[in-house]
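What you see is a predicted model, and the numbers here were worked out from it, not measured in a lab. One is the number of the first residue; the rest follow in order along the sequence. Because only heavy atoms are used, hydrogens play no part in the values below, and waters and symmetry mates are left out as well, while side chains stay in.
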Amino acid sequence: MNLPGIRKVTFAQPLHWLRAGAQDLARAWPLSLFYGVIFALLGYGLVHGAWGKPHLAMALTSGFLFVAPLLATVFYFLSHRLEHHHKLPNLFVPLLSWRANPASLGLFALMLVFVLISWERISAILVGLFLGGSGIGGLSDLLTLNAVQQHTNFVLAYLAFGGVLALMMFSLSVVSLPMLLHRKVDFATALVTSFMATRLNFPVMLLWGALIAVLIAVGVATNFIAMAVIFPWLGHASWHAYRGLVERE
């Protein structure tokens, strides 16, 4: 397996990536905000459609972090064009960005489907073990200070399982999807490169992951309204994270 070179980055880099992402968002705002609104509506519909089932609503809300890198391929595509000073494409052209590496991107999508199904089952088990017979009938019943205090064991267990899974998926996807879009590499090479980039820069990548999680949480907390801007911003920033972490060909 011939891996590309991986750079060692500093703690200042995540803020640089966010700033570069904001600049790309400003330059490509018609397309970026269009797709941002589409993905925000998708997230809103999925989460609120499952609102009466706590485990499913929580799995979909937290699972948004898992699928976000795949959805963000449209923003990687736009940032790539801006980087090379190409004019912005037509409205639906970014949706065809998967054609750059269809087999490997398809395998990544299948992996995400498997992870989401597994996480939904884990969530159901945790809800059944800790909240069975508690009288909680929907997610709104759980999102109160009193409920959190009464079900501390559930909250800790959910955060522990979710945190481990989120860290694993973050390490495998942080540069792999932009790399699959940008280079003719196979699925395994992209995953290993992403894992090695995370391992080499672990403290900085923890900061980057925390910033992403906080901004996504703000988007969800605003009933997905802010997500229309936050999601494309993070998508563009993630492209610059990839360019900063992986040496150029």
Side-chain angles (χ1 to χ4, degrees), residues 1-25 65-86 94 97-112 114-115 162-216 231-249:
M1 187 180 294
N2 188 20
L3 298 180
I6 298 170
R7 296 189 183 97
K8 185 80 173 176
V9 297
T10 67
F11 280 101
Q13 288 303 299
L15 294 180
H16 169 74
W17 299 335
L18 287 174
R19 184 166 58 252
Q23 291 170 350
D24 283 358
L25 175 60
L65 285 170
F66 303 154
V67 301
L70 185 63
L71 295 176
T73 52
V74 296
F75 307 115
Y76 311 151
F77 175 82
L78 292 173
S79 284
H80 182 223
R81 290 187 68 89
L82 290 172
E83 182 180 295
H84 290 84
H85 307 289
H86 295 157
S97 58
W98 59 271
R99 295 189 301 181
N101 201 343
S104 294
L105 286 167
L107 285 173
F108 199 99
L110 286 175
M111 182 184 74
L112 284 180
F114 173 77
V115 170
V164 169
L165 188 58
L167 180 60
M168 180 188 73
M169 289 306 300
F170 174 75
S171 68
L172 293 178
S173 64
V174 66
V175 302
S176 58
L177 277 165
M179 186 176 176
L180 288 172
L181 192 71
H182 181 230
R183 306 186 186 196
K184 286 291 185 180
V185 297
D186 59 81
F187 174 68
T189 299
L191 290 187
V192 174
T193 300
S194 188
F195 177 80
M196 295 304 295
T198 303
R199 181 182 177 186
L200 180 64
N201 298 282
F202 191 67
V204 178
M205 299 314 288
L206 279 181
L207 172 61
W208 179 231
L211 289 172
I212 292 173
V214 168
L215 288 171
I216 290 291
F231 192 67
W233 177 26
L234 288 176
H236 290 300
S238 294
W239 170 261
H240 291 281
Y242 155 67
R243 297 300 265 166
L245 288 163
V246 179
E247 291 184 357
R248 306 194 177 200
E249 294 175 306

How many angstroms lie between [atom1] in [X] and [atom2] in [Y], if you round to the nearest 0.5 Å?
| X | Y | atom1 | atom2 | value |
| --- | --- | --- | --- | --- |
| Trp233 | Leu18 | CH2 | CG | 5.0 Å |
| His86 | Phe77 | NE2 | CZ | 10.0 Å |
| Leu177 | Leu105 | CG | CG | 6.5 Å |
| Thr10 | His16 | OG1 | NE2 | 10.0 Å |
| Leu3 | Ser194 | CG | OG | 11.5 Å |
| Leu78 | Asp24 | CG | CG | 8.5 Å |

What I'd like to find out is whether the side chain of [X] reaches to under 4.5 Å of the side chain of [Y], using heavy atoms alone.
| X | Y | result |
| --- | --- | --- |
| Thr198 | Val175 | no |
| Trp17 | Leu245 | yes |
| Leu181 | Asn101 | no |
| Met179 | Thr189 | yes |

query: Under the ring-ring contact (aromatic ring centres under 6.0 Å, His included) test, which residues partner Trp239, sequence neighbours left out?
result: His80, His182, Tyr242

- prompt: Who passes ring-ring contact (aromatic ring centres under 6.0 Å, His included) against Phe231, sequence neighbours left out?
  reply: Phe39, Phe64, Phe75

All side chain to side chain contact (heavy atoms under 4.5 Å, CB included) counterparts of [X], not counting sequence neighbours:
| X | result |
| --- | --- |
| Leu172 | Met168, Leu191, Phe195 |
| Ser173 | Pro69, Phe108, Ser176 |
| Leu207 | Phe11, Pro14, Leu211 |

query: Would Trp208 and Gln13 satisfy side chain to side chain contact (heavy atoms under 4.5 Å, CB included), going step by step from the backbone distance to the final call?
result: CA-CA 9 Å; Trp208 179 231; Gln13 288 303 299; over 6 Å; no

Nearest heavy atoms of [X] and [Y], plus distance in Å:
| X | Y | value |
| --- | --- | --- |
| Thr193 | Ile6 | O-CD1, 3.8 Å |
| Pro178 | Ser238 | CG-O, 4.3 Å |
| Gly244 | Val9 | O-CG1, 3.8 Å |
| Pro4 | Arg183 | CB-NH1, 3.4 Å |

message: Against Met169, only a single residue in Val164, Leu112, Val174 fulfils side-chain contact (heavy atoms from CB on, under 4.5 Å); can you say which?
response: Leu112

field: Asn201: which of Met196, Lys8, Arg7 passes side-chain contact (heavy atoms from CB on, under 4.5 Å)
entry: Lys8

- request: Could you pull out all residues at least two apart from His236 that satisfy side chain to side chain donor-acceptor pair (under 3.5 Å)?
  value: Ser32, Ser79

field: Where at least one partner belongs to residues 188-213, residue pairs that pass salt bridge (charged side-chain N to carboxylate O under 4.0 Å, His left out), sequence neighbours excluded
entry: none

field: Qualifying salt bridge (charged side-chain N to carboxylate O under 4.0 Å, His left out) pairs, either residue in residues 69-83, two or more places apart
entry: Glu83-Arg243, Glu83-Arg248

